[in-house]
Asks: 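Before I ask anything, let me first share the structure, which is written out below as C-alpha cells.
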Amino acid sequence: MKNTGNNRYYTVAGLENRIEWDALTVGARVHHEFEDRKKIAGASPTARSGSLNSHEHRSTDAVATYAQYRYAVNNRINIIPGLRLEHYQQRRAILVANNQAKHKSGTTQTTAWIPGIGATAYVTDQVQVFGGVHRGFAPASFSDALDSNGQDQQLDPEESWNYEAGIRGALSPHTHFTSTAFFTDYFNQVVATSGTYTKANGGRSQTTGVELGLQYARPLPNGFRLTSSAGLTLQTAIYTNASVKNSAVGNRVQYTPSEQYQASVGLETAKGFSVEVSGVHTGMMYSDAANTESGSADGQTGVIPAYTVYNISASQAFTPRLTGFASIKNLFDLTYIASRNPEGIMPGNSRIIEAGITYHY
C-alpha cells in the first residue's frame, strides 16, 4: 500500500480603499493569489517523503473598482444604483505531471462591467419592501479555465441578470420575517460535463424561485431566552438554450435542488450558556445535464437523493473574553451522496465532533 501527500503553499495579498462622501461610495481593490501545488507519492502508508508525482504553480491577479450612490427620494424611499469593473488574469504552469517534467503554461483573462440598481421603501415603520436588478458575474474556477496542459479552455465567465423583489419586517416585537421572489437569467452557466472531469459553457438557463424566512426570539422566566428560525427555498432551474452534450431545453440544471429547508431552535441562559439544534434538508439533484435517473457503474452520473442533516452546538461564556464551545455536525451520522463529480460518488461528511475555546484580547 502507498500514500499520497498534497503539499500546498499559498500566498495571498491585496489592498482595498474606499471613499465615502455623503451618499456616494467609491472604491477599488487589487488582489493577488499564488499557489504552489505538489503531489508526493509515498512508498508505504506511513511514508513522510517520496517521489514528486506532480508540481504546479497557479496565480491570479485581479483589479476591481466600483461606485454606488444612494438617492433618497424621501425619508421612506431610497434608490441605489451602482457600477463595478472587474478585470482578472489567471496563469497555470505545469512543471511536473505523472512523474515527468512537463513545463507547460498558459494564461486567460477577462474584463467585465457589472451594473446594478436596487430600491427600498418603508410601507410602515415595521415593514419594508425592496427590489433590484443586478448583473451577475463569476469567472470559471482555476482548474476549469486552464487544463492540465495550460491550455485556455475558452470558458466564458458565468453572466446573468438577477431580479428580485420582496418584503421584510416585524410581525411582532419577537417575530421577524423575510419573503423574496427571484428570477435569474443565465447567459452562460459553467457546468460539469457528463462522465468527465471537465467543465463546459452550459448555454442559457433560467432559475425562478422564492425564499421565505422567519425568526422568533423572546425572553423567558429566570433569565432564559428562546431563539428559533426557519427558512425555505423553492426554485426551478432549467436549460433554455442548452449546449452541453446530452442536455435538452427543459432539463434541470445539474446540482440545483428544487427545495431546501432549514430550521433551528436554541436556548440561552443568564449565566452565559447556550445550546442550539438545527436541521438542513437538501432536495434531490441531478448530476448531469441529461438528467440521468439511474446510477452509472462508475458512479459519475445518476440522481443524488435528497438528504437531511442535523447538527447541535453549545457554548459557555466563562468570562467576557473567554468562551468554550462544542458542536456535533451530522448528529445521527447519516450516510448520503454529496456529489458524483469528478470521479464518482463522493459521500457527505460523517459525524464531526469539535470543541475548543476562544479568547478575545
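Only a predicted model underlies this, so the values are computations on that prediction, with no experimental measurement involved.
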Asks: Check residues 21-28 and write down every donor-acceptor pair under 3.5 Å in which the side-chain atom is one partner and the other belongs to a residue at least two apart or another chain.
Replies:
none

Asks: Would you say the side-chain atoms of Asn330 pair up with the backbone N or O of Asn349, donor to acceptor, closer than 3.5 Å?
Replies: yes
Asks: Has Asn6 got more than 12 heavy atoms of other residues, nucleotides or ligands less than 6.0 Å from its CG?
Replies: yes
Asks: Can Tyr307 be reached from Met284 by stepping across I, L, V, M, F, W or Y side chains whose heavy atoms are under 4.5 Å apart?
Replies: no
Asks: Search all heavy atoms of Asn99 against all heavy atoms of Ser51 and return the closest pair with its distance.
Replies: OD1-OG, 3.9 Å
Asks: Under a 3.5 Å distance rule, please check whether Thr240 uses its side chain to pair with a backbone N or O of Gln206 as donor and acceptor.
Replies: no
Asks: With respect to Asp36, which candidate in Arg8, His55, Arg58 satisfies the side-chain hydrogen bond (donor to acceptor under 3.5 Å, both in side chains) definition?
Replies: His55
Asks: Just how far is it from atom CD of Gln90 to atom CG of Asp61, taken to the nearest 0.5 Å?
Replies: 10.0 Å
Asks: Enumerate the salt bridge (charged side-chain N to carboxylate O under 4.0 Å, His left out) contacts for residues 305-317, please, sequence neighbours excluded, ordered by first and then second residue.
Replies: none
Asks: Would a distance-only check, ignoring hydrogens and angles, find a side-chain to backbone donor-acceptor pair under 3.5 Å from His281 to Gln260?
Replies: no
Asks: Kindly compute the distance separating CZ (Arg321) from OG1 (Thr358), expressed to the nearest 0.5 Å.
Replies: 12.5 Å
Asks: Given the rule that I, L, V, M, F, W and Y join up when any side-chain heavy atoms are under 4.5 Å apart, are Val309 and Ile345 in one cluster?
Replies: no
Asks: When clusters are formed by joining ILVMFWY residues with side-chain heavy atoms under 4.5 Å apart, either directly or through shared neighbours, do Phe273 and Leu226 land in the same one?
Replies: yes
Asks: Output yes when a side-chain donor or acceptor of Gln235 lies under 3.5 Å from a complementary backbone atom of Pro257, and no otherwise.
Replies: yes
Asks: Which value, rounded to the nearest 0.5 Å, describes the distance between Gln254 atom CD and Asp288 atom CG?
Replies: 6.5 Å
Asks: CE of Met346: more than 12 outside heavy atoms within 6.0 angstrom?
Replies: no
Asks: With side chain to side chain contact (heavy atoms under 4.5 Å, CB included) as the test, would you mind laying out the steps for Glu211 and Glu164 before giving the verdict?
Replies: CA-CA 10 Å; Glu211 293 182 348; Glu164 67 171 6; over 6 Å; no
Asks: Flag yes if more than 12 heavy atoms outside Tyr122 fall under 6.0 Å of its OH atom; otherwise flag no.
Replies: no
Asks: Any link between Tyr261 and Val277 through a network of hydrophobic side chains (Ile, Leu, Val, Met, Phe, Trp, Tyr) touching at under 4.5 Å?
Replies: no
Asks: Keeping the roles fixed (side chain from Arg340, backbone from Gly299), state whether a donor-acceptor pair exists under 3.5 Å.
Replies: yes
Asks: Check whether the side chains of Thr236 and Thr208 place a donor and an acceptor atom closer than 3.5 Å, and report yes or no.
Replies: no
Asks: If we ignore hydrogens and angles and just use 3.5 Å, is the side chain of Arg351 paired with the main-chain N or O of Leu331 as donor and acceptor?
Replies: yes
Asks: Using a cut-off of 6.0 Å, state whether more than 12 heavy atoms not belonging to Tyr310 lie near its atom OH.
Replies: no
Asks: Measure across Pro115 and Trp161 and return the closest heavy-atom pair with its distance rounded to 0.1 Å.
Replies: CG-CH2, 3.8 Å
Asks: If you compare all heavy atoms of Tyr286 against all heavy atoms of Thr292, which two are closest, and at what distance to 0.1 Å?
Replies: CD2-O, 3.7 Å
Asks: Can you tell me how far the OG atom of Ser327 sits from the CD atom of Glu276, to the nearest 0.5 Å?
Replies: 11.0 Å
Asks: Given the rule that I, L, V, M, F, W and Y join up when any side-chain heavy atoms are under 4.5 Å apart, are Val133 and Ile167 in one cluster?
Replies: no
Asks: When the side chains of residues 10-20 are checked against the rest of the protein, which donor-acceptor pairs come out under 3.5 Å, sequence neighbours left out?
Replies:
unit_1	atom_1	unit_2	atom_2	d
Tyr10	OH	Glu35	OE2	3.2

Asks: Out of Arg92, Arg37, Lys38, which one pairs with Glu56 under the side-chain hydrogen bond (donor to acceptor under 3.5 Å, both in side chains) rule?
Replies: Arg92
Asks: Is it the case that the side chain of Gln316 and the backbone of Lys271 share a donor-acceptor pair, with hydrogens and angles ignored and the cut-off at 3.5 Å?
Replies: yes
Asks: Are the side chain of Asn251 and the backbone N or O of Ala289 linked by a donor-acceptor pair below 3.5 Å?
Replies: yes
Asks: NE2 of His57 to CD1 of Ile94: how many Å apart, nearest 0.5 Å?
Replies: 11.5 Å
Asks: Taking atom OG of Ser229 and atom NE2 of His176, what is their separation to the nearest 0.5 Å?
Replies: 13.5 Å
Asks: If every non-hydrogen atom of Phe34 is compared with every non-hydrogen atom of Ser59, which pair is closest and at what distance?
Replies: CD1-CB, 4.1 Å
Asks: Can you find a side-chain donor-acceptor pair between Ser160 and Thr184 that sits under 3.5 Å?
Replies: no
Asks: Hey, are the side chains of Val73 and Ile79 touching, using non-hydrogen atoms and a 4.5 Å cut-off?
Replies: yes
Asks: Does Asn291 reach the main-chain N or O of Arg252 with its side chain, forming a donor-acceptor pair under 3.5 Å?
Replies: yes
Asks: How far apart are the closest heavy atoms of Ile114 and Phe137, and which atoms are they?
Replies: CD1-CB, 3.6 Å
Asks: Less than 3.5 Å apart, any donor N or O on the side chain of Tyr88 or Thr110 sitting next to an acceptor on the other?
Replies: yes
